[in-house]
Structures are given as structure tokens and as C-alpha cells.
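These numbers were taken from a predicted model, which means no experiment stands behind them.
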Amino acid sequence: MKHLIKLFTAGLETTLACPCRCETCGSSAGRPRPSELTTDEWRSVIGDLAALGCQRVTLMGGEPLARDDWPDLAHRSVSEGMDTDLITSGIGVDVETAALASDIGLVSVTVSVDGTREVHDSQRKVPGCFDQALEAIRLFDMAGLRVGVTSQVNRETLPTLEALAPLLQGAGAMGWQVQLTLPVGRAQDRSDLVLDPGLMPEVHAVLRRLVERPGLRPFITDNIGYLTKDDPVLRTPPGAPIRVWLGCFAGLRTIGITSDGGVKGCLALPDSCIDGSVRKEPLARIWSDPDRFAYTRSYDPSCLSGACADCVYAKVCRGGCTATAMTVHGRQGVSTHCLRLHGVK
């Protein structure tokens with residue numbers, strides 16, 4: 001390449017170990033991968049990310065707190081000058097854990113909460129998981145951290161979102177992102193949970209009501225949208241500059257690294273999109289190779305099909321979220337869940 005594409009954010013799947021067995025888990029987490037990166041290997045990866053100019057690192061899983069060395073990895077990232085956050089189920093979080101996360105200097109912590117108590121505990125297969133998640137939010141908030149929540153939207157959780165909002169707010173959540181459950185990982189076995197495209201107007205109606213409520217309101221992530229008149233309102237987190245959908249950034253501004261060293265443009269992408277391994281070659285070589293991450297770097301408009309091919313916003317949107325297209329349709333360039341496609345303008 002004539003110049004190195006600027007890397008902004010990295011998602012690190014530090015482990016697949018997890019105390020939950022979520023029916024909607026896209027990575028089928030539970031047990032660690034057979035050969036996960038060691039502490040030294042992760043420290044090296046984090047240093048390489050900093051050298052590439054990465055600005056933000058998210059420690060995720062599985063459950064990142066399942067690794068005994070999570071404080072070491074978090075401290076390494078913070079010490080390299082990168083904004084560092086962590087996504088957790090909240091299980092096992094106590095006062096000491098919250099204080100340590102704050103002392104290390106995490107910019108925020110995100111707790112996964114999918115629906116109200118009955119739905120959340122049922123989907124995660126851990127009795128009492130909902131109460132532990134809310135307690136974790138309270139503890140992180142009391143420790144002085146900004147606490148966010150991420151929620152999956154599916155047939156069981158959608159009807160609970162409006163009741164969930166005040167519970168999250170009362171626990172101390174300051175941000176709330178929502179995303180669609182995709183038919184990947186364990187969710188392939190619960191296809192009944194995945195929302196039919198025809199339900200997207202209902203999703204929009206619920207989100208519209210939620211963003212109009214005082215206090216905590218949700219914002220959408222990459223697999224909901226796109227480019228409706230409400231896009232700036234629904235896509236912008238609290239206190240952030242106005243955002244609209246500008247296409248998939250996987251491999252353009254973002255990178256994901258699996259717990260055994262696989263490199264993708266985004267961790268939500270299927271393993272067929274792995275473009276290298278940090279155990280086999282330097283991360284900088286993978287990132288700077290013009291032939292990697294072809295789904296975005298070598299994007300071809302001819303891949304668009306269906307309504308996406310004829311959409312007035314095709315040049316900007318490029319078929320929506322690449323990971324959603326690949327998991328739902330097996331290829332990029334098509335979105336059957338686009339809000340515009342279902343009458344939301």
C-alpha cells in the first residue's frame with residue numbers, strides 16, 4: 001500500500017471461557033479455545049496495536065474477567081495510551097473487581113443485559129444472572145467508572161426493552177447500545193429467536209419511544225438501520241458527536257483478534273473472514289497488506305443485490321453491516337433487515 005490505513009479501534013477476544021451458556025452467543029463461548037494466547041502474547045499484540053496508532057481497545061470474550069491476567073492486559077493497554085474498556089456478563093464482579101478496574105484506568109465498562117430478569121436468566125442459562133448484572137453496574141458506577149449496557153434484540157427481548165430501561169438507569173448505566181441477535185454460534189439452534197425482517201418497523205417503533213423518554217436511552221449498533229431520518233438520533237451515543245451510518249469499517253478502521261490469534265476486520269465476522277494470525281506473522285504486516293480485508297478494502301458495488309442494488313444510498317451504505325450479511329445470507333451486499341426496506345424512511 002502507498003500508505004497505511006489508519007487503525008482506530010480493536011476488539012480483543014481475550015478468551016472464550018465464560019460462566020454463561022447464552023442461547024444467543026455468536027461465538028458459542030463457554031470453554032476456552034484449545035490454544036489461547038498467553039499473557040506475553042497478548043501483551044505483544046497490545047504493543048503492536050499501539051504502534052499502529054490504535055486509539056481504543058475493548059477487552060471482550062467469552063468473559064474477559066475469566067482470565068486471571070485481565071488486569072495485566074488492561075494495564076498494558078492503558079499504559080500504551082489507548083482508551084481501554086471491557087465487556088462483561090457481570091457474574092462474579094465484586095467491590096474489589098470494580099475498584100481494580102477503576103484504578104487501572106479503564107475509560108468505561110459495559111455489562112451485557114438481555115431483557116428483564118426472566119428473559120435474561122433464561123437466555124443465559126444462569127439463574128440469578130440478571131441480578132448479578134445489575135449489581136455489577138452498581139459496583140462499577142460506585143467505583144467511579146462510566147458504565148454502559150449492551151443488549152441483544154430478539155423475539156423474547158424486544159417486548160421487555162421498555163421495562164428494562166428504568167432498571168438499567170436506576171442501577172447507574174450511562175449508555176445503552178442495542179443490536180440484533182444474529183443466526184450464528186448458538187443462535188443457529190434458536191432460529192426462532194431471530195427477528196424476521198418484517199418485524200423491523202416494530203423494532204423502530206420501540207426504539208423511537210425509548211429515545212424520547214427522559215434519562216437513559218438506547219443507541220443502535222451496526223446491524224440496525226440504515227440512513228433513515230432517525231438515524232442520527234438512534235445511532236449517536238450520549239454526549240458523542242452526531243453519527244450516521246457511513247458503511248462498514250471492518251478492516252478499514254477496526255480490527256478484531258480472536259483468543260488464539262486469528263485476525264479479522266471485526267470479531268462479529270465469521271471465521272471464514274480470518275485474514276491471518278499474530279502467531280504466524282507480525283500484526284503490522286497483516287494490517288498493511290492491501291490484499292487482506294477484501295470485503296471492505298476491495299469493495300465492489302457489483303456485490304450489491306436485492307433492494308440494496310437499487311437504493312439511493314447504496315454508495316454510502318454498501319449493503320449495511322458486513323457481518324450481518326455474511327451470517328444471514330452467506331455473502332455481503334444485501335440487507336433484508338434494513339429499516340428503509342420496511343417502510344421506515
Side-chain angles (χ1 to χ4, degrees), residues 7-12 54-60 77-78 82-88 90 101-102 105-115 133-134 136-138 140-141 143-153 157-158 161-162 164-181 203-250 252-256 266-268 316-317 320-321 323-324 339 344:
L7 175 62
F8 283 88
T9 64
L12 308 186
C54 184
Q55 297 180 7
R56 189 178 188 98
V57 168
T58 299
L59 304 180
M60 40 201 308
S77 181
V78 171
M82 295 180 288
D83 289 342
T84 306
D85 60 0
L86 179 148
I87 301 176
T88 175
S102 180
L106 296 183
V107 295
S108 63
V109 173
T110 298
V111 180
S112 299
V113 184
D114 296 323
L134 260 60
I137 295 171
R138 296 186 188 98
F140 286 127
D141 179 51
L145 284 160
R146 291 182 59 87
V147 190
V149 169
T150 182
S151 299
Q152 291 205 36
V153 182
T157 63
L158 179 60
L161 295 183
E162 290 176 273
L164 180 61
L167 301 178
L168 299 178
Q169 181 176 332
M174 301 180 68
W176 183 19
Q177 68 174 26
V178 295
Q179 59 192 29
L180 299 181
T181 295
V203 172
H204 178 264
V206 171
L207 294 176
R208 184 71 245 189
R209 290 196 296 269
L210 282 167
V211 298
E212 291 173 350
R213 70 180 295 276
L216 182 68
R217 34 156 292 193
F219 64 94
I220 57 177
T221 50
D222 292 358
N223 65 11
I224 301 177
Y226 303 90
L227 294 164
T228 69
K229 66 179 181 181
D230 287 331
D231 205 50
V233 175
L234 296 179
R235 198 170 297 282
T236 305
I242 295 296
R243 295 182 185 177
V244 295
W245 176 253
L246 295 174
C248 174
F249 288 140
L252 292 176
R253 298 179 59 174
T254 69
I255 200 170
C266 166
L267 282 175
V316 175
C317 181
C321 172
T324 303
L339 286 170
V344 181

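Between Thr58 and Thr84 the shortest side-chain heavy-atom distance does not fall below 4.5 Å. Looking at heavy atoms from C-beta onward, Val57 lies in side-chain contact with Leu59 at the 4.5 angstrom threshold.
The closest donor-acceptor contact from the side chain of Arg235 to the backbone of Ile224 lies under 3.5 Å. Although no hydrogens or angles enter the test, the distance criterion places a donor-acceptor pair under 3.5 Å between the side chain of Tyr226 and the main chain of Cys321.
When the shell of 6.0 Å around CZ of Arg56 is examined, it contains more than 12 heavy atoms from other residues, nucleotides or ligands.
Taking OG1 of Thr9 as the start and CD1 of Ile255 as the end, the distance is 9.5 Å to the nearest 0.5 Å. Atom-to-atom distance recorded for Ser77:OG and Leu12:CG is 7.5 Å, nearest 0.5 angstrom. Here CG of Asp222 is found 11.0 Å from CG of Leu180. Values are rounded to the nearest 0.5 Å. The distance from the OG1 atom of Thr236 to the CD1 atom of Ile242 is 4.0 Å, given to the nearest 0.5 Å. The line from CG of Leu234 to OG1 of Thr221 is 11.5 Å long, rounded to the nearest 0.5 Å. In this structure, the separation between CG on Leu207 and CZ on Phe219 is 12.0 Å, given to the nearest 0.5 Å.
Between Leu106 and Val78, the shortest heavy-atom contact is N-CG2, 4.5 Å. Closest heavy-atom contact between Ser112 and Ile87: OG-CG2, 3.8 Å. Shown here for Val149 and Ser151, the closest heavy-atom pair between the two residues is CG1-OG, 3.8 Å. Shortest non-hydrogen contact noted between Phe140 and Thr88 is CE1-CG2, 4.1 Å. Counting all heavy atoms, side chain and backbone alike, Val178 lies closest to Val153 at CB-CG2, 3.9 Å. Across Cys266 and Ala250, no two heavy atoms sit closer than the pair CB-CB, 3.8 Å.
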Open item on the list: Using side-chain contact (heavy atoms from CB on, under 4.5 Å), reason through Ile220 and Trp245 one step at a time and then give a plain yes or no.
Closed with: CA-CA 10 Å; Ile220 57 177; Trp245 176 253; over 6 Å; no
- [ ] Could you go through the side-chain contact (heavy atoms from CB on, under 4.5 Å) check for Glu162 and Val206 one step at a time?
- [x] CA-CA 7 Å; Glu162 290 176 273; Val206 171; 4.1 Å; yes
- [ ] Evaluate side-chain contact (heavy atoms from CB on, under 4.5 Å) for Trp176 paired with Leu210, printing each intermediate quantity in order.
- [x] CA-CA 11 Å; Trp176 183 19; Leu210 282 167; 4.2 Å; yes
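Exactly one residue among Thr150, Leu164, Thr157 makes a side-chain contact (heavy atoms from CB on, under 4.5 Å) with Val113. That residue is Leu164. Checked options Arg213, Met174, Arg217; the residue passing with Gln169 is Arg213 (criterion: side-chain contact (heavy atoms from CB on, under 4.5 Å)).
Between the side chains of Gln152 and Thr181, at least one donor N or O sits under 3.5 Å from an acceptor N or O.
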